[in-house]
Each structure stands twice: as structure tokens, then as C-alpha cells.
Engineer: 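Here's a structure for you.
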Amino acid sequence: MGTFVLNDMESSAENVQHDSGFAWRNGVLHAEGVSLPAIAAAYGTPAYVYSAGTVRERFRRLSDAFADVPHHIHFAVKANSNLSVLTLLRELGAGVDIVSGGELQRALTAGFSGDDVVFSGVGKTVGEIEAALEAGVRLINVESEAELLVIEAVAARRQVVAPIAVRVNPEVTVETPHAYIKTGEKGQKFGIPRDDVSRLLDVISDLPHVELRGLGMHLGSQIGNADPLRDALPRLLAAIEVARASGHPVQFMDVGGGLSVPYEPGDVAADIADYATVVRAAARETGLTLLLEPGRYLVAESGVLLTEVLYRKHAAGKDFVVTDAGMSDLIRPALYQAYHGIAAVREVQGAITADVVGPICESGDFFAKNRVLPDVSAGDLLVLQTAGAYAFTMASNYNSRPRPVEVLVDGDRFAVVGARETFDDLVRRERTPLEWRTA
Ligand code: LLP
């Protein structure tokens, strides 16, 4: 993204979003060609702001790394399910990885076809499986024998053959910043334990309405190096070997998502070249089409949460910066003790050490503790960085707070791609007067 070069503001603000569409120009933070104060003035705060150019750049970087093997990138919709972001990724040539009927509907609404879709998740309902078959998804990833039997029954009823993949739990050690984002370790709810795969493959052979087209895995999220993959891929390849030997028409090998992005100063970006080298070698060995399910890598660094400082507060010897965004808008710090860089949108002289907190009535409603920050005042704008993934999608209405507006920037243009919720949106489902019934 050579056009978005950071100027000397970089040193005066904590900035971890170096290699993205966000940069300071003349002391003001811009998303590509648009100043963030202009967006705040147009649509208010809190606001999610996404850079289209960053999404494009990340997609190209990843797809270039796999250019010489047959592959398909299925964006994990849970990371950012905004229809305009999905459309942008579709136009780049991505497919999607979905985990619910709602995500399926979003994908179809954004113009994806069934064949662009792989359907993951441990708890698919009959209704969701029906919708997936109706849409003609590429693969339904099977996560248990019980689920397999339900897929068989639904497909039999519809008189179709369901294309399935087995999600293998390779049971390797996975290092992630938080235990909640590991999946490929022993004892997790995800996937079929590797020792149980052969037996499941035999069950599949006996079922007339499912066809095993792929095997896959997903080790976890925010994985910083290829080591867990180095351990896990031989186990996936072994399972593929067994499946082929018993005559299953396997076409796809799915290595899931999980590529890390830098959040904190000092974090290093995922080594895509190393990751690709390891994965490409395995894919070549099988001759199968490789499926990738990245979420965070494609979108995290494309977004910020723009928020206004409501108050400065000094209490019990501490400084607090109270923002108009809270944990209902960005829950990652509260839920995973996750770090998000915080920077002032306009240059501010001086520094403070403060807790940055939201307005919500929970002690867990903080974005940072004891963080060194620019000495901001009420009315100043801040950004919470690296907020394009698992940010808006995890937002809630807790404390009856409408979810923020979402704005997409593309070059020097910007548009609302998700309207700020209104009070009417919040109460729409709560009908009055009540229509009482008896059973
Ligand atoms: N495929 C499957 C089956 C997954 O479960 C996930 C993420 C992905 C792909 C995409 O993983 P990624 O490339 O984004 O790491 N809310 C947490 C992250 C949860 C990830 C869940 N699964 C967070 O905010 O860190």
C-alpha cells in the first residue's frame, strides 16, 4: 500500500497499524484519502471505519502466495459479515466459510453462489443443513457422527447427495494468545479426533446420501507461526490417505484459517511465505485443491473503531479516559484480554498513563489499562486499531446501546455500509400491546 505512507506522526502516537490504509497526514489520521474527523462529522461516533484498499491488498498477498497450487480462499464470514465487505471479497475472487444459516443468507445476499460456500460448525441445525443443500454449498464440514447422520437423513429426504468434508481434529499443541481461540487441541469440541477418523469414514461409505469430497482442519486463531501446521499437516495427510484408499472421491484439502495479525507494538506479522511454503508442499503431495479459511488476516487491519473522548476523570490516583465506545461495540479486550492499539486522530502534545474505558456499567468495560496515551481531552477523537475482524460482528446492544455505524472508505470516497442502529431497531421485536395466548 505504497500510497499510504506514514509520516513523522508515527512516532508520536502509538501505531500498530503500519502496513494498512490508515496513516497520518498533516497531523490528522486518514483512512486512505479520507480524514477520520470528516467521517466523525458526517456520521458521528462510535463508528467502524474500513479501508477497502487494505482488504484488497491482504487478499492479493495471500492469493499470490498460493498462486502456483490450485486453491480457493474462503473468507471466514464470522470475522466481518458486513455485506459490502463480503461483496468486495467476492469481487476479488474469494469464497466464504460460514457457520450458520444467517451467514449463509448474508453470503447469498452478497452474491456468492452455493459453490463458493463451505459450511463449518459443530452445531448445525436441520434447518441450516436444509438451507445449505438448497443453496448447493460446496462442502458441509462434518464435526461428529451424530451430525453426519442428520445430514444423511436431510439429504435422503430431499433426494440429493450432500457433499461433505470431515473436519479432523489433529490434536496438536497450538499456541494462541488466549485459550478461547484454540481449536485443534485434544479435548476441544471441534472436529473428529484423529484416531476416530477411519471409523467415521467407514460409516460414510455406507451412507448413500453423502459423498466425502474433502478433509480439513482448523487449528485455532491468531497463530503466529507455521509450527502447529507442521505438526498437524502430516496427520491431515494421513487421514486423506486413508479416505482415498477406501475409495472416497476426495477433491479438497481444507487447512482452515488462523493466520495472526499484529495487534501490539512488537507483534510480528504472520510469515505468509513460510505458511505458504508448508501448506503448498502438503497440497502438492496430495494433488488436491487447497481450501483456506482466513478471517482475521483479510480484514483485521482494514478496520478501526473511531470514538470520541467524552470525559477525562481522575479517581483514586488514576487517570481515566472515558470514550463513547464501549465493550458492547468492541468486546475483545473484555472477553480475551485482547490488546488493541489506541491512537489520537489529531496530534496531541504530551502523554498520560490512563485506563481507557467505555460508558457501560461493568468493570470489564475497558479498552486498555495503564496505557501510555496522548494527553487527550473531551471532544478529541481516538481510534481503537486493528478492529476490522471480530469487532462489529461481536457487538451487542448491552445497556440498550445501538450498534455503531459502519463506513467503508475506498480511495477518497466513503459510504455508510451499515447504518447506525436506532432506538426503534432496538425495540422492534418487543411488541406491545401483548397478544396473550393459552396453549
Ligand atoms: N475456520 C473456522 C472453522 C473457524 O472456526 C475460524 C475461526 C476460522 C476459519 C477463521 O479463523 P481466523 O483466520 O480468523 O483466525 N473471536 C475471536 C476469534 C474466534 C475465531 C473462531 N474461529 C477473536 O476475536 O479473536
Side-chain angles (χ1 to χ4, degrees), residues 55 58-59 61-62 72-81 85 89 94-100 103 117-124 139-143 147 165-170 174-185 188-192 214-226 228-229 232 236 252-264 267 269-270 272 275 279 290-303 305 327 329-340 367 384-396:
V55 177
R58 293 297 189 274
F59 183 86
R61 214 187 270 184
L62 192 61
H72 206 209
I73 296 174
H74 289 263
F75 171 63
V77 172
K78 62 171 84 68
N80 189 323
S81 58
V85 172
L89 282 157
V96 286
D97 165 57
I98 59 154
V99 291
S100 71
E103 288 190 350
V117 178
V118 299
F119 189 7
S120 306
V122 291
K124 303 175 198 79
L139 291 173
I140 301 179
N141 289 341
V142 173
E143 301 236 7
E147 182 193 38
V166 166
R167 175 163 170 187
V168 179
N169 181 350
V174 183
E175 293 297 334
T176 60
H178 196 278
Y180 288 1
I181 54 178
K182 295 180 187 199
T183 52
E185 288 197 337
Q188 300 278 355
K189 70 175 177 179
F190 300 99
I192 309 291
L215 287 100
M217 60 184 188
H218 169 73
L219 300 181
S221 200
Q222 195 57 1
I223 299 175
N225 63 54
L229 270 174
L236 179 62
F252 301 109
M253 166 183 147
D254 184 344
V255 295
L259 279 166
S260 68
V261 302
Y263 283 90
E264 289 191 48
D267 279 0
I272 296 297
Y275 174 80
V279 174
L290 176 66
L291 305 182
L292 303 156
E293 298 174 358
R296 191 187 317 262
Y297 178 77
L298 294 177
V299 292
E301 293 161 287
S302 77
L305 175 55
M327 66 189 281
D329 307 307
L330 177 66
I331 201 173
R332 300 190 72 259
L335 190 57
Y336 312 117
Q337 291 75 53
Y339 185 103
H340 284 265
F367 293 126
L384 293 148
Q385 297 179 313
T386 328
Y390 305 110
F392 186 89
T393 50
M394 297 180 80
S396 75

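Counting convention: from 1, in listed order, for ligands and their atoms alike.
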Engineer: Provide, to 0.1 Å, the distance between atom 24 (O) of ligand 1 and the closest protein heavy atom, together with that atom's residue and name.
Structural biologist: Arg332 NE, 2.6 Å
Engineer: Applying salt bridge (Lys or Arg N to Asp or Glu O under 4.0 Å), can you list everything that pairs with Arg296, at least two apart in sequence or on another chain?
Structural biologist: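 Expected list: none.
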Engineer: Where the closest heavy atom to atom 4 (C) of ligand 1 is concerned, which of Lys78, Glu293, Arg167 has it?
Structural biologist: Lys78
Engineer: How would you list, by chain and number, every residue that makes a side-chain contact (heavy atoms from CB on, under 4.5 Å) with Thr393, sequence neighbours excluded?
Structural biologist: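 side-chain contact (heavy atoms from CB on, under 4.5 Å) list for Thr393, sorted by chain: Ser81.
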Engineer: Work out whether the distance between some heavy atom of Tyr297 and some atom of ligand 1 is less than 4.0 Å.
Structural biologist: no
Engineer: Using atom types as modelled and distance alone, determine if a side-chain donor or acceptor of Lys124 lies under 3.5 Å from a backbone N or O of Asn141.
Structural biologist: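 Yes: the side chain of Lys124 pairs with the backbone of Asn141.
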Engineer: How far is atom 19 (C) of ligand 1 from its nearest protein heavy atom, and which residue and atom name does that atom have?
Structural biologist: Ile181 CG2, 3.8 Å
Engineer: So, regarding Gly256 and ligand 1 (criterion: nitrogen or oxygen to nitrogen or oxygen, under 3.5 Å), is there a contact or not?
Structural biologist: no
Engineer: Quick check against the 3.5 Å criterion: does Gln222 have a side-chain atom that pairs as donor or acceptor with the backbone of Ser260?
Structural biologist: no
Engineer: For Glu293 and Val255, indicate whether the former's side chain and the latter's backbone hold a donor-acceptor pair under 3.5 Å.
Structural biologist: no
Engineer: Please state which option from His218, Arg296, Gln222 has its nearest heavy atom closest to atom 11 (O) of ligand 1.
Structural biologist: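 Residue with the shortest heavy-atom distance to the ligand atom: His218.
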Engineer: Which ligand 1 atoms, with their elements, are less than 4.0 angstrom from a heavy-atom of Gly257?
Structural biologist: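 What qualifies from ligand 1 is 9 (C), 13 (O).
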Engineer: Can you list the steps and then say if Tyr263 with Arg332 is a side chain to side chain contact (heavy atoms under 4.5 Å, CB included)?
Structural biologist: CA-CA 12 Å; Tyr263 283 90; Arg332 300 190 72 259; 3.5 Å; yes
Engineer: So which bit of Asp97 gets within less than 4.0 Å of ligand 1, heavy atoms only: side chain, backbone, both or neither?
Structural biologist: side chain
Engineer: Please could you name the atoms of ligand 1 that Pro294 approaches to less than 4.0 Å, counting only its heavy atoms?
Structural biologist: 13 (O)
Engineer: Considering all heavy atoms of both residues, which atom of His340 and which atom of Gln385 are nearest to each other, and what is their separation?
Structural biologist: ND1-O, 2.8 Å
Engineer: Evaluate Gly258 for polar contact with ligand 1, using N/O atom pairs at a separation under 3.5 Å.
Structural biologist: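 Right, the criterion is met.
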Engineer: Can you name the nearest heavy-atom pair linking Leu219 to Pro170, along with the distance?
Structural biologist: CD2-CG, 3.4 Å
Engineer: For atom 14 (O) of ligand 1, what is the closest protein heavy atom, and at what distance to 0.1 Å?
Structural biologist: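 I find the closest protein heavy atom is Tyr390 OH, 2.5 Å.
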Engineer: Is there any N or O on Ser221 that sits under 3.5 Å from an N or O of ligand 1?
Structural biologist: yes
Engineer: Let me know which of Leu229, Asp254, Ile192 forms a side-chain contact (heavy atoms from CB on, under 4.5 Å) with Met217.
Structural biologist: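 Only match with Met217 under side-chain contact (heavy atoms from CB on, under 4.5 Å): Leu229.
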Engineer: Of all the atoms in ligand 1, which lie at a distance below 4.0 Å from a heavy atom belonging to Tyr336?
Structural biologist: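 Result: 16 (N), 17 (C), 23 (C), 24 (O), 25 (O).
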